[in-house]
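These notes are about the structure you will find just below.
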Protein chains: 2
Amino acid sequence: MDVKIIDVAAIAGVSPATVSRVINQHSKVSTKTKDKVMRAIEQLGYHPNAAAKNLRSQRTMTIGVIVPDINNSYYAEIIKGIENIAYARHYKVIICDAHNLKEREVDYLNLLLDRTIDGVIIITPMLADEELFQLADKGYRIGIVGKYIEHDQIPCIYTDNVKFSQEVVQHLVEAGHRNIVFLNGYPEAIDSYERLEGYLKALRNHQIPFRPELIENGNFNEEGGYEAIKRLFNKGLSFSAVYAANDEMALGVYKACTEYGIRIPEQLAIVGVDNNRISKYIHPTLSSVNQPKYTMGAILMEKMIDTMNTNEFQDKRVFKVDSELLVRASSSFKITT
Amino acid sequence: MDVKIIDVAAIAGVSPATVSRVINQHSKVSTKTKDKVMRAIEQLGYHPNAAAKNLRSQRTMTIGVIVPDINNSYYAEIIKGIENIAYARHYKVIICDAHNLKEREVDYLNLLLDRTIDGVIIITPMLADEELFQLADKGYRIGIVGKYIEHDQIPCIYTDNVKFSQEVVQHLVEAGHRNIVFLNGYPEAIDSYERLEGYLKALRNHQIPFRPELIENGNFNEEGGYEAIKRLFNKGLSFSAVYAANDEMALGVYKACTEYGIRIPEQLAIVGVDNNRISKYIHPTLSSVNQPKYTMGAILMEKMIDTMNTNEFQDKRVFKVDSELLVRASSSFKITT
DNA sequence: ATGAAAGCGCTAACAC
DNA sequence: GTGTTAGCGCTTTCAT
């Protein structure tokens, strides 16, 4: 832009300071001068220069969002929640696709250090908690979606993996299953071990003996789920149900079943997690756990903005939201022993 | 950050200008001083302040991307291409979800005016070409994905809707269909009328009479496709195939077929566009046109960055990429008359 | 209620 | 090859 605050000031016959006050609603301006200034702004088509503003005010009104994979509808929905609140509060969102790479996560975190962004929301971080703590301790604003964090400066929102996992297993047990495979993601991921924990707890509650050979790793993706279940099939193990730690892996199980001629749900029941849109369309429809993704993004963003503005956690820091098991065809067959 | 360029300069025993030169690889620095400076930077943990840099250099190294809906895998894939190039070229990407609202598109475009971003890529813009021209004429950098634009300062990339539409219809005709429904999106959308144009051309080529009553609008979404095809069913019109201008609407057709007990593809053949991931999973699998989404995003971003840096279109401005019809089960039944 | 003036931290033009 | 200096355009004391 060529026109700057001093030009507006000249036209309006006031000082740049006054123009600034008008723009930033600094109350202490008479209605008359405010009008003059507004007219001048209008007339010149003045737009405040963001960089100058940022430099002077030491904030950018921009939040970074580090997401493992933007083209995964699970994350996209969370981003949608974040973005929507951002828009309403006049914040901008810089999207950072980490491609599931820790290195990229770190790279993007550096935007904090050079003040490109005022804060960052990390969705299911790969970074160790310790590393996040260090940044927070230095005063950088961080928020976490999808994981509980033990640091009083880091707001976080997550869902109770253990709880819904127990519900999944209970549902399967009630349908008559006692030999239930658990397909987990990468073992380091919080979502993996918490879901595993729920699985184990539920087995215990129902006095079903734990068979470690029924646990397999599928890396949270379709191919991984496909390979994992094939390993189990090939070992000749007996089981009548699969609880996959996400829908992608469940999709892999479908594929393997087609190849092996195994009927779902009569011969094998399947339950996934995420309520991926595909789960409603695939045949048979896939039972899955639905998480309030949009809400998680929205709530955390709201909290981030609030704490950045007040510099205080006036109340809640940790948000735990409930997920819900949606029973569909893939697990709707009762077996009798 | 508390440490600034002058602090580094002091420690290294040089001037701030030299430090700046080192940071920005301004060659004309002796290896010795460069080393000293690097050490000082390291030692102090110095990070250049982005706002100051932006203000001084009049650029933000940030590109805005205005997308109709981020939680649509079609767009998400394009963004992925954009984002990946941005990362490689050290650009940041501000994501702007227009929620299919022209008003929000305009809002986000304003980021250009206050120099928050150096340029903006609009994916299938709602804004009239004229309005885009005006911005470009004022020197703002704009790029378009998914539409041809007639302005020598606006790079654009798009796919040949007319061409692949003809292929779709030809495929259907070869399978014996002569009464083919065309489900289009909102009529104003370029993708709608170009696909319609291809449909009409193909009919002409095959000397099939055009029946206007076989054209219905489905607004590019599942619900719209569902309603549209129901209107046709209810009118008692005869047709044996549906060409839906996108997969979402095709999904709606599936739903209606289930309700009406119509078998796909024996009683009704269906072809969509976008190669939505669901098309591979739904039963029967949906024939669809695959667009090189990722590539479109990547190529355009590359072009944007190049032109922003050289201030010139050294060569190509318009990119036309090919799409490909993927024939699946939903249209794999030959009928004989 | 308003104005004057001092920077925010950096880069680039000009010296040397 | 390196230093000096003058801003980039804005906000914010401190006066008045």
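Numbers restart at 1 for each chain; the letters A, B, ... are given by sequence-line order, proteins then strands.
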Thinking salt bridges, do [X] and [Y] make one under a 4.0 Å N-O criterion?
X        : Y        : value
A/Lys80  : B/Asp97  : yes
A/Lys316 : A/Asp306 : no
A/Glu83  : A/Lys92  : no

List the residues meeting ring pair (Phe, Tyr, Trp, His ring centres under 6.0 Å) with B/Tyr158, not counting sequence neighbours, and say none if there are none.
B/Tyr148
To the nearest Å, give me how far apart [atom1] ([X]) and [atom2] ([N]) are.
X        : N      : atom1 : atom2 : result
A/Lys4   : D/dG7  : NZ    : P     : 11 Å
B/Ile6   : D/dT2  : CD1   : P     : 18 Å
B/Lys36  : D/dT2  : NZ    : P     : 8 Å
B/Asp114 : D/dC8  : CG    : P     : 19 Å
B/Asp2   : C/dG9  : CG    : P     : 8 Å
B/Leu55  : D/dG9  : CG    : C1'   : 6 Å
A/Asn49  : C/dC8  : CG    : P     : 18 Å
B/His47  : C/dC10 : NE2   : P     : 12 Å

Given that B/Gln58 and B/Thr33 both sit by DNA chain D, which one's nearest nucleotide is further toward the 5' end?
B/Thr33
5' precedence on DNA chain D between B/Gly13 and A/Ala50 (nearest-nucleotide basis)
B/Gly13
Axis-to-axis angle between the two ends of the helix from C/dA1-D/dT16 to C/dC16-D/dG1 (five base pairs per end, rounded to 10 degrees)
30°
Within a strict 4.5 Å, meaning less than it, do heavy atoms of the B/Tyr140 and B/Gln134 side chains meet?
no
OP1 or OP2 of C/dT2 under 4.0 Å from side-chain N/O of A/Thr18:
no
Between CG of A/Leu55 and OG1 of A/Thr60, what distance do you get to the nearest 0.5 Å?
12.0 Å
Criterion side-chain contact (heavy atoms from CB on, under 4.5 Å) against A/Cys156, the qualifying member of A/Arg317, A/Lys147, A/Met296
A/Arg317
Exactly one of A/Val120, A/Leu127, A/Ile121, A/Ile149 clears side-chain contact (heavy atoms from CB on, under 4.5 Å) with A/Ile142, and that residue is A/Val120
Per-nucleotide protein contact along nucleotides 11-16 of chain C, 5' to 3', at a 4.0 Å heavy-atom cut-off (B base, S sugar-phosphate only, - neither), is BBB---
Looking only at the side chains, is there a donor atom on one of A/Asn84 and A/Arg89 sitting less than 3.5 Å from an acceptor on the other?
no
